[in-house]
Structure formats: C-alpha cells, structure tokens
Amino acid sequence: MPAPRWVAKLNKAALNKATRRIAPWAPGWAVVVHRGRKSGRVFRTPLWAFRRGDAYVIALTYGSESDWVRNVIAAGGCELESRGRRCRLANPRVYRDSEAADMPAPIRFMLTNVIKAPEFLRLDIVEEIAGIR
C-alpha cells in the first residue's frame, strides 16, 4: 500500500517546495518536469529516481494513480533533472516489484518495510540535454 493521499497533499503543499530546490543536485533525488494533461501547465515534481543503464527507475511512493505519473504516461515521457544534468525520457512503463530490486539498500528498506510501495516507473533515456541552469 503506497503512502496515503493525505501525505501526498501535505508534501505537495509544503515539503515539495523545499525539496524541489535540492532534488536536482542531491544523490538519489531528481525532479520530473512534466506537462498537465488538462491544464497544459508545466510542473516540477521532486522524487526518488535512479539511473539503471540507459533508463531511470522512479519509486512511486504514492502509487501509479498520482497526477504526475498519469501526466508522464499520457505524454509518453518527460524531462528529468538529476545530479546537475537534464535528460529527456520516453517509453514510460509502470511495474510492480515487492522487493524493490532496482533501488539502493536504504531506499529499498523504506519502500518494502516502511512505506510498502511496490510500484515503479521505468523510462528510457532518449537524449542527454545539458546541465541545469
């Protein structure tokens, strides 16, 4: 069971504002840049993301029904800012892994024992853009 929706709303209102500033630079963190399906507005969502070969794997701590996940799937991709770099991602695929095998040990522990969030989003790297301004 992913984290409750009320936690997501609290994070969106408060914590995401602070996290959004450090996530593009901090190890294990990233910012997904995506466009709203209805509004067309650009959003920046901080989250846990890890590069795995020619793809990124993102932990879906609030599940696959989150707005940002639905936006990325509808658009067929997004941009991601991680470790001071920006890249374009495509071919989004949601999958379940109760062992969180693609995650580093501390994140795996959180996802399997504390949050109990077994869903992930895998996106292929299409283009490495440039550094973040």
Side-chain angles (χ1 to χ4, degrees):
M1 178 79 189
R5 295 304 313 159
W6 68 266
V7 175
K9 288 179 182 178
L10 178 65
N11 278 346
K12 190 174 184 179
L15 187 60
N16 281 4
K17 286 180 174 56
T19 312
R20 203 175 294 129
R21 296 184 192 282
I22 63 163
W25 309 97
W29 285 90
V31 172
V32 168
V33 182
H34 56 98
R35 191 169 295 279
R37 298 178 311 284
K38 299 173 190 166
S39 69
R41 199 171 128 216
V42 174
F43 294 95
R44 299 172 54 80
T45 304
L47 40 68
W48 286 335
F50 298 91
R51 187 168 181 161
R52 298 294 181 246
D54 291 335
Y56 271 92
V57 175
I58 300 171
L60 301 182
T61 53
Y62 301 112
S64 57
E65 293 302 311
S66 297
D67 282 337
W68 77 264
V69 176
R70 293 168 55 197
N71 290 343
V72 169
I73 290 171
C78 61
E79 288 187 359
L80 184 120
E81 297 174 347
S82 177
R83 309 288 305 258
R85 313 269 309 153
R86 182 178 260 226
C87 59
R88 189 161 293 126
L89 306 176
N91 194 21
R93 300 166 314 276
V94 173
Y95 68 97
R96 294 180 66 82
D97 177 9
S98 59
E99 301 298 316
D102 284 326
M103 297 290 114
I107 304 298
R108 185 178 319 126
F109 177 82
M110 291 292 294
L111 293 170
T112 59
N113 297 299
V114 179
I115 302 172
K116 299 188 188 314
E119 290 185 303
F120 299 87
L121 181 65
R122 184 177 194 91
L123 296 117
D124 299 328
I125 300 170
V126 175
E127 176 185 10
E128 304 247 358
I129 304 172
I132 302 169
R133 293 180 217 125

> Should Met110 and Met103 count as side-chain neighbours, where that means a heavy-atom distance under 4.5 Å?
Replying inline: no
> How far apart are the closest heavy atoms of Ala30 and Ala49, and which atoms are they?
Replying inline: CB-CB, 3.8 Å
>> Checking the side chain of Asn71 only, and the main-chain atoms of Arg37 only, is there a donor and an acceptor separated by less than 3.5 Å?
In response: yes
> Rounded to the nearest 0.5 Å, how far does CG of Leu47 lie from OG of Ser66?
Replying inline: 10.0 Å
>> Donor-acceptor check, side chain of Arg93 to backbone of Asn91, threshold 3.5 angstrom: yes or no?
In response: yes
> What pair of heavy atoms forms the shortest contact from Ala101 to Arg108, and how long is it?
Replying inline: O-NH2, 4.1 Å
>> When you compare the side chain of Ile125 with that of Leu89, does any pair of heavy atoms fall below 4.5 Å?
In response: yes
> Quick one: does Asp97's side chain have a donor or acceptor within less than 3.5 Å of a partner on Glu99's backbone?
Replying inline: yes
> Which atoms form the tightest heavy-atom contact between Thr112 and Ser98, and what is the distance?
Replying inline: CG2-O, 3.2 Å
> Any idea how His34 and Trp68 line up, ring-wise: parallel (<30°), tilted (30 to 60°), or perpendicular (>60°)?
Replying inline: tilted
>> Go through it in stages, so that I can follow the logic: the residues are Phe50 and Ile107, the test is side-chain contact (heavy atoms from CB on, under 4.5 Å), and I'd like the CA-CA distance, side-chain angles, deciding distance and then a yes or no.
In response: CA-CA 10 Å; Phe50 298 91; Ile107 304 298; 3.8 Å; yes
> What's the spacing between Glu119 CD and Arg96 CZ if we round to 0.5 Å?
Replying inline: 5.0 Å
>> For Val57, is there any backbone N or O sitting under 3.5 Å from a side-chain donor or acceptor partner on Arg122?
In response: no
>> Using the side chain to side chain donor-acceptor pair (under 3.5 Å) criterion, which residues pair with Arg70? Sequence neighbours excluded.
In response: none
>> Which residues pass the salt bridge (charged side-chain N to carboxylate O under 4.0 Å, His left out) test with Arg51, not counting sequence neighbours?
In response: Glu128
> Between Phe109 and Trp29, is there a shared hydrophobic cluster once you connect ILVMFWY residues whose side-chain heavy atoms come closer than 4.5 Å?
Replying inline: yes
> Would you find more than 12 non-hydrogen atoms of other residues, nucleotides or ligands less than 6.0 Å from Asn113 atom CG?
Replying inline: yes
> Per the side chain to side chain contact (heavy atoms under 4.5 Å, CB included) rule, which among Phe120, Tyr95, Tyr56 passes with Asp102?
Replying inline: Tyr95
> Given side chains that start at C-beta, do those of Leu111 and Thr61 come closer than 4.5 Å, heavy atoms only?
Replying inline: yes
> About how many Å separate OG of Ser39 and CG of Asp67, when rounded to the nearest 0.5 Å?
Replying inline: 9.5 Å
>> Using every non-hydrogen atom in the two residues, find where Gly77 and Leu123 come nearest and quote the distance to one decimal.
In response: CA-CD2, 4.3 Å
